[in-house]
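Just so we're on the same page: letters track the sequence lines, and every chain starts at 1.
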Amino acid sequence: MSNTPPHPDQERPAAIRTLDLAKQYGTGDAATHALRGVEINFHRGEFIAVMGPSGSGKSTLFNMVGALDAPSAGRILIDEVDAAQLSANELAFLRCRKIGYIFQSYNLVRYMTALENVTLPMVFAGIDAETAHKKGMQLLEQVGIADRWDHRPLELSGGQQQRVAIARSLANNPMILLADEPTANLDFKTGREVLDLLERINKDRQVTVICSTHDHRLLAMCDRIVWVRDGRIERIQKREDLEITVGHMAGEDDQ
Amino acid sequence: MTRLAAERQKGLSPGVSLRLVATGVGFRLMRSGVTVAVQALAVAFLVYVFAAATIDTTVQRRAAEAIAPYRKADAQLTRLRQPDTVRTITETLQHGGEERLAEYATWAGLTDTELADAKWLAQQWHDAQRWHESLPDDDRVLLFGDQPLLEATVQLDDPDERRRLEQRLAERQLEPPGGAAPWVAFFDEPLARLMTTAQRIRAGHIRALSRLDPATMQHASDEQASQTLAEAGFRITEAQLTDLRPFAERLHTAAAMTEALQDPDVRRAIARRARVTINSVTPEVARDVIATPADAAWLHERLAERNTADAPPTADALFDYADHARREQRLADALPASSSAATNEPAAMSASTESRWLGLPPRTLLLIALSCLVCVVGVANAMTMSVTERFSEIATMKCLGARSGSVMTMFLLESAALGVAGGVVGTALGLALAAAGGFVRYGTLLAMAGDALGTLGLVALGALALGVVLSVIAALLPSWFAARLPPIAAMRVE
Ligand SMILES: Nc1ncnc2c1ncn2[C@@H]1O[C@H](COP(=O)(O)OP(=O)(O)O)[C@@H](O)[C@H]1O
Ligand SMILES: [Mg+2]
């Protein structure tokens, strides 16, 4: 990758970098500038919270970073590889093994059991059925619903479905977990459990977790907070700095 | 942590694709019920049409084979009881076997040259008739009016008539075999010569029959009977006579029964047993009253109560007669009307096969094409629904690393699986319908279609394969739509 710019932060390697990222929906007067020049590094093993009001461009950023959509301008380097230069099949390979996606509406396959959902990415990765089965059960155990392995999504609660989705996102040992509002459809307590689970995964596996939520409890878990407003990064804070300024907010939510 | 190389995602192996398609197949098959049903109906129709045609031809061929001995025995026995008609004689001269011709020669005292001449004349006569029959209606009517050729030619001994006929042939530009002049000339002296010979043969046959006494023949041993027949000029071997015996016996029983039906007491008893009015008792009703040997014994007793000179037929004879008569009737019913009437060439069949393809008339072929079209449209529609319904799942799979090709393969395989399911159901349904239809038409004779099991199997396999192919073709477009779906579509919340 000769055209890759020199690494700006030498102390920690970046899992994902964006360079002057912009995304525009539509053209002319009807155009929406969802992102306007976003430059950010997500380091390996980091737990990042993406915060911002609705419509600020968080989901758009996630889609770009997850190589699900192409930017209008700028570049995304995933593990130092420019996503724009990858073919469809190479992108499929990337989505399969490097990135784990956790969706707001879980997106489990309705006609598959929990275990079948978890093993699906391994099937696409060409892993044999027996290994996939074993690993799938392990993952379900780690997210705490191994006893529900043969239930279909309709027979599971929202929290349980999201746990299956988390187990599925870990199937091929991804480098990055992208979770866009994973708690939005969950009640307060269940949402907390999901966030706890993500924190544990981040600590145990050293996976980069990028998560957006309206639950301020997340602020207490993450390494850095990225504040997004009007398609721009307003500021990036480390948690240590945050505890001083918004400490009472975390306390407020705890009651 | 592994370094990301820009590797290509590999496609799924057929086995893995199949396993993915099979996952939760019960869940999806329920939803795909419509697809399977549409498929099944189209395949069922296809199988039904071909299987019914196969059953028809097989049963009819077997029935024709099975009825042949009855027909042959009938002809033989008729020859032993009644003189041949002139028509039968000319037909036999034209295509008959050595034995029959030798009998004719004996009865009419024909020399070899005379016989050869009669055969040649009969051939000419046959050809003339065939050509006359093959003419379009208006031409035929113009030539001789609307009457059989034999009657029409009676007036042709008049030279003026013959000249007029020749003129008419020329006007119409009709070319009889061997040319117009010889054809017309045949109706003068040659035809008269043929008719004279035929009359001589008939007279000889009558004389020969007068030397046979039916009552003595009935009770004579095969050897004696054969002797008597040989003396009367019949060429019939002892073995042939042995074979004919049961048929003669049945004929005798039938005659005795018909005679007994004159008796009001017998009629009344049979009417009561058959639950019909006394006036509607026919030999057929009497025959059908004898369904079992016990019925035969009953009828035998009724006949024995009468005060007649002749002993009534035994119960065994009655049953044997009724049983065989019914069987012959069933076989005759199974045959198409044309072939049961005309014993010689199947002229009627060759005419109607010209416009056929795969042995089916164009209307049925059109229906088959339509049913295939309905099948394709139905499956395409159902697959489109199935794909639309699963947009988010398909996009999610693409987020999880499914290649476009893998998605396409999965949907095509799924459609093929539905095609197999619909095909199996449809084939079973079609075969069942064809068998039921066959049973309605042929009753127990349907068992004769057993010969065609191999063909029916091929029909079933072919229809099954066609169903799967149609289903995959129908799924091509919807599958392509599914494969094209971008992973980002997974984000859309329904
Ligand atoms: N597919 C799209 N087409 C047009 N506009 C879009 C589309 N997706 C998002 N937007 C617009 O882009 C802006 C950012 O949206 P989004 O990234 O979803 O924000 P957030 O996730 O922070 O709520 C919004 O104004 C939204 O209306
Ligand atoms: Mg959003």
Side-chain angles (χ1 to χ4, degrees), chain A residues 1 13 15 44-45 59 62-63 66-70 78-82 85-101 103-113 116-117 119-126 128-129 152 165 168-169 171-173 175 180 185 206-207, chain B residues 1-32 386 389-410 414 417 482-494:
Chain A
M1 291 282 130
R44 294 220 166 149
S59 295
F62 271 91
N63 294 342
L68 297 180
D69 203 359
I78 301 170
D79 205 14
E80 297 305 316
V81 173
D82 190 342
Q85 290 176 356
L86 298 181
S87 71
N89 283 345
E90 286 164 347
L91 278 173
F93 183 88
L94 182 92
R95 292 184 196 120
C96 188
R97 302 166 204 243
K98 294 295 153 187
I99 307 172
Y101 302 88
F103 305 92
Q104 179 181 327
S105 43
Y106 328 127
N107 287 34
L108 297 179
V109 180
R110 272 168 301 173
Y111 52 83
M112 289 186 176
T113 64
E116 284 163 351
N117 267 289
T119 52
L120 193 55
M122 297 190 251
V123 173
F124 292 135
D128 68 278
R152 290 189 211 282
R168 180 179 67 182
S169 73
N172 290 324
N173 301 321
M175 193 175 66
D180 186 9
N185 289 355
Q206 294 300 300
V207 181
Chain B
M1 199 141 295
T2 50
R3 294 281 312 164
L4 177 86
E7 270 186 70
R8 294 163 65 85
Q9 177 79 319
K10 297 209 173 50
L12 299 179
S13 74
V16 170
S17 300
L18 206 62
R19 220 177 41 236
L20 267 183
V21 168
T23 311
V25 76
F27 188 91
R28 277 175 296 158
L29 265 188
M30 299 267 281
R31 313 189 135 229
S32 314
S386 159
E389 200 184 65
R390 282 149 71 183
F391 266 171
S392 129
E393 278 167 12
I394 296 161
T396 306
M397 286 196 193
K398 293 196 104 177
C399 289
L400 301 180
R403 288 175 18 153
S404 301
S406 308
V407 172
M408 180 110 184
T409 312
M410 274 167 58
E414 178 174 331
R484 242 179 32 140
L485 216 58
I488 186 89
M491 304 301 170
R492 284 177 212 144
V493 184
E494 300 94 71

(message) What's the separation between atom CZ in R97(A) and atom CE in M175(A), rounded to the nearest 0.5 Å?
(response) 14.0 Å
(message) With rounding to the nearest 0.5 angstrom, report the CD1 to OG distance, I99(A) to S169(A).
(response) 11.5 Å
(message) Quick check on A129(A) against chain B: is it the side chain, the backbone, both or neither that has a heavy atom closer than 4.5 Å?
(response) both
(request) Select, from F103(A), Y101(A), F124(A), the one with the greatest count of heavy-atom pairs under 4.5 Å involving chain B. (result) F124(A)
(request) Side chain from CB out, backbone as N, CA, C, O: work out which of these in L91(A) comes under 4.5 Å of a heavy atom of chain B, or both, or neither. (result) neither
(request) Output, in order, the C-alpha distance, side-chain angles, deciding distance and verdict of side-chain contact (heavy atoms from CB on, under 4.5 Å) for T396(B) and R390(B). (result) CA-CA 10 Å; T396(B) 306; R390(B) 282 149 71 183; over 6 Å; no
(request) Could you check if a side-chain atom of S386(B) sits within less than 4.5 angstrom of a side-chain atom of E414(B), using non-hydrogen atoms only? (result) yes
(message) Quick check against the 3.5 Å criterion: does R152(A) have a side-chain atom that pairs as donor or acceptor with the backbone of Y111(A)?
(response) yes
(message) Which one wins on heavy-atom pair count under 4.5 Å against chain A: L12(B), I488(B), L400(B), I394(B)?
(response) L400(B)
(message) Which one wins on heavy-atom pair count under 4.5 Å against chain A: C399(B), S13(B), A395(B)?
(response) C399(B)
(request) Select, from K10(B), M397(B), K398(B), R19(B), the one with the greatest count of heavy-atom pairs under 4.5 Å involving chain A. (result) M397(B)
